[in-house]
Q: 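Here it is, the structure in full.
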Amino acid sequence: MSKKRIAVLTGAGVSAESGLGTYRDNGGLWDNYDPMEVASIEGWYRNRSKVLDFYNMQREHLRNARPNDAHRAIAALEKDYIVDVITQNVDNLHERAGSTHVVHLHGEATKVRPENTFNDEDGYSEKAVFDVGYDAVHLGDKAPNGVQLRPHIVFFGEAVPKMEEAINLVSRADIVLIVGTSLSVYPAAGLYRYARQEAPIYIIDPAEVPLFDSRIVHIRKVATEGMKDFAGML
Ligand code: APR
């Protein structure tokens, strides 16, 4: 019998217990930084150094962060299921916990690319993207094509190139699991709506969830605890 498929949609909450900040919780990143200045395409053209410094800080935090039991529990699902992790997170903790198929809808903090690449044709895809690990990138750091390096992040105001792939994965899933996202940034926030009618949807989040769909089971706990409950429901 072929393995069932689980689509796991994660947000910043799954990495909260690894010490990485969320965005919209009290004290979250957007309480201290204006996303339009540090995470938007207009912000990039207005002040590249400010954006580079924001992601240098994120990379430095990531250097010292470790996957938590929720990342590990998600990776462990691969023993019995085909698991597609579709994350809004730009950290690499799912991969470091052992997940083997991770789709980063909003890009990856450890990766950079020339600033003149925006789509598959001109090199946006993995051809022009490379991994700097946790090192800083500064104004004047150029790609092999001589163009200024930019974070391989989907800035506010930019398209989400992996959305079609994500929709395909969710629409094929037998089970949908959502962990640690406020579901406030589209199009990612609307992904769960592509789940098949017969696919149960589990949400792990300690906060109230603004969804009204009979298929949803809300496990109102933090990710590391909620993943234990979820495993028991499979
Ligand atoms: N375990 C599980 N969930 C948690 C935990 C935890 N320990 N701590 C917080 N949460 C939940 C919060 O209740 C909230 O619902 O995680 C969610 C975090 O929401 P946001 O901070 O909005 O993060 P996210 O949903 O990932 O943001 C989406 O917005 O700014 C953009 O690109 C950015 O990818 C990000 C996107």
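One-based numbering, in listed order, for ligands and for the atoms of each.
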Q: So do Pro35 and Tyr23 actually touch side chain to side chain, heavy atoms under 4.5 Å?
A: no
Q: Any N/O of Ala12 closer than 3.5 Å to an N/O of ligand 1?
A: yes
Q: What verdict does the salt bridge (charged side-chain N to carboxylate O under 4.0 Å, His left out) test give for Glu208 and Arg220, after you've listed the backbone C-alpha separation in whole Å, the side-chain angles of each residue and the deciding distance to 0.1 Å?
A: CA-CA 8 Å; Glu208 191 54 52; Arg220 192 159 182 173; 2.9 Å; yes
Q: Should Val179 be counted as touching ligand 1, given the test is an N or O pair under 3.5 Å?
A: no
Q: I'd like to know if the side chain of Lys162 and the backbone of His106 have a donor-acceptor N/O pair within less than 3.5 Å.
A: no
Q: Considering distance alone, does some N or O of Ser182 sit under 3.5 Å from an N or O of ligand 1?
A: yes
Q: Nearest protein heavy atom to atom 35 (C) of ligand 1, by residue and atom, and its distance?
A: Tyr23 CE1, 3.6 Å
Q: Treating Glu158 as the side-chain partner and Phe155 as the backbone partner, does any N or O pair qualify as donor plus acceptor under 3.5 Å?
A: yes
Q: Among protein heavy atoms, which lies nearest atom 10 (N) of ligand 1, and at what distance?
A: Gly13 CA, 3.7 Å
Q: Which residues, ordered by chain and number, are linked to Val102 in its hydrophobic cluster, where ILVMFWY side chains connect at heavy-atom gaps below 4.5 Å, directly or through other members?
A: Ile6, Val8, Val14, Ile74, Leu77, Tyr81, Val83, Val85, Ile175, Leu177, Val179, Tyr202, Ile204, Val217, Ile219, Met227, Phe230, Met233, Leu234
Q: If you apply the rule salt bridge (charged side-chain N to carboxylate O under 4.0 Å, His left out), what do you find for Arg72 with Asp69, and how did you get there?
A: CA-CA 5 Å; Arg72 280 187 283 273; Asp69 286 346; 2.8 Å; yes
Q: Using a 4.0 Å cutoff against the non-hydrogen atoms of Phe156, which atoms of ligand 1 qualify?
A: 30 (O), 31 (C)
Q: Which atoms from ligand 1 have a heavy atom of Thr181 less than 4.0 Å away?
A: 15 (O), 16 (O), 17 (C), 24 (P), 25 (O)
Q: For atom 18 (C) of ligand 1, tell me which residue out of Gly226, Ala223, Gly180, Ala207 has the closest non-hydrogen atom.
A: Gly180
Q: Going by an N to O cut-off under 4.0 Å, is there a salt bridge joining Lys111 and Glu95?
A: no
Q: Output a table of donor-acceptor pairs, distance under 3.5 Å, between side-chain atoms of residues 56-65 and any protein atom two or more places apart or on a different chain; print 'none' if there are none.
A:
{"from": "Asn56", "atom 1": "OD1", "to": "Arg59", "atom 2": "NH1", "distance (Å)": "2.7"}
{"from": "Asn56", "atom 1": "OD1", "to": "Val137", "atom 2": "N", "distance (Å)": "2.9"}
{"from": "Asn56", "atom 1": "ND2", "to": "Leu52", "atom 2": "O", "distance (Å)": "3.2"}
{"from": "Asn56", "atom 1": "ND2", "to": "Val137", "atom 2": "O", "distance (Å)": "2.9"}
{"from": "Arg59", "atom 1": "NE", "to": "Ala109", "atom 2": "O", "distance (Å)": "2.7"}
{"from": "Arg59", "atom 1": "NH1", "to": "Asp135", "atom 2": "O", "distance (Å)": "3.1"}
{"from": "Glu60", "atom 1": "OE1", "to": "Arg63", "atom 2": "NE", "distance (Å)": "3.3"}
{"from": "Glu60", "atom 1": "OE1", "to": "Arg63", "atom 2": "NH2", "distance (Å)": "3.4"}
{"from": "Glu60", "atom 1": "OE2", "to": "Arg63", "atom 2": "NE", "distance (Å)": "3.1"}
{"from": "Arg63", "atom 1": "NH2", "to": "Tyr134", "atom 2": "O", "distance (Å)": "3.2"}
{"from": "Asn64", "atom 1": "ND2", "to": "Glu60", "atom 2": "O", "distance (Å)": "3.2"}

Q: Which bit of Glu17 gets closer than 4.0 Å to ligand 1, counting heavy atoms only: side chain, backbone, both or neither?
A: side chain
Q: Have a look at Arg48 and tell me which of His138, Glu115, Gln148 forms a side chain to side chain donor-acceptor pair (under 3.5 Å) with it.
A: Glu115
Q: Nearest protein heavy atom to atom 13 (O) of ligand 1, by residue and atom, and its distance?
A: Asp205 OD1, 2.7 Å
Q: Give the residue, atom name and distance (to 0.1 Å) of the protein heavy atom nearest atom 8 (N) of ligand 1.
A: Ala16 CB, 3.7 Å
Q: Is the shortest distance from a Lys or Arg side-chain nitrogen in Asp80 or Lys4 to a carboxylate oxygen in the other one below 4.0 Å?
A: no
Q: Which ligand 1 atoms does Gly11 reach within 4.0 Å, using its non-hydrogen atoms?
A: 26 (O)
Q: Could you walk me through whether Tyr45 and Val51 pass the side-chain contact (heavy atoms from CB on, under 4.5 Å) test, one step at a time?
A: CA-CA 9 Å; Tyr45 289 124; Val51 175; over 6 Å; no
Q: Less than 4.0 Å is my threshold; does some heavy atom of Gly28 fall inside it relative to ligand 1?
A: no
Q: List the closest protein heavy-atom neighbour of atom 30 (O) of ligand 1: residue, atom name, distance to the nearest 0.1 Å.
A: Trp30 NE1, 2.8 Å
Q: What is the nearest protein non-hydrogen atom to atom 34 (O) of ligand 1, stated with its residue, atom name and distance?
A: His106 ND1, 2.9 Å
Q: Nearest to atom 9 (C) of ligand 1, what protein heavy atom do you find, and at what distance?
A: Asp25 OD2, 3.1 Å
Q: Considering only the protein, which heavy-atom contact is closest to atom 28 (C) of ligand 1, and what is its distance?
A: Gln88 OE1, 3.2 Å
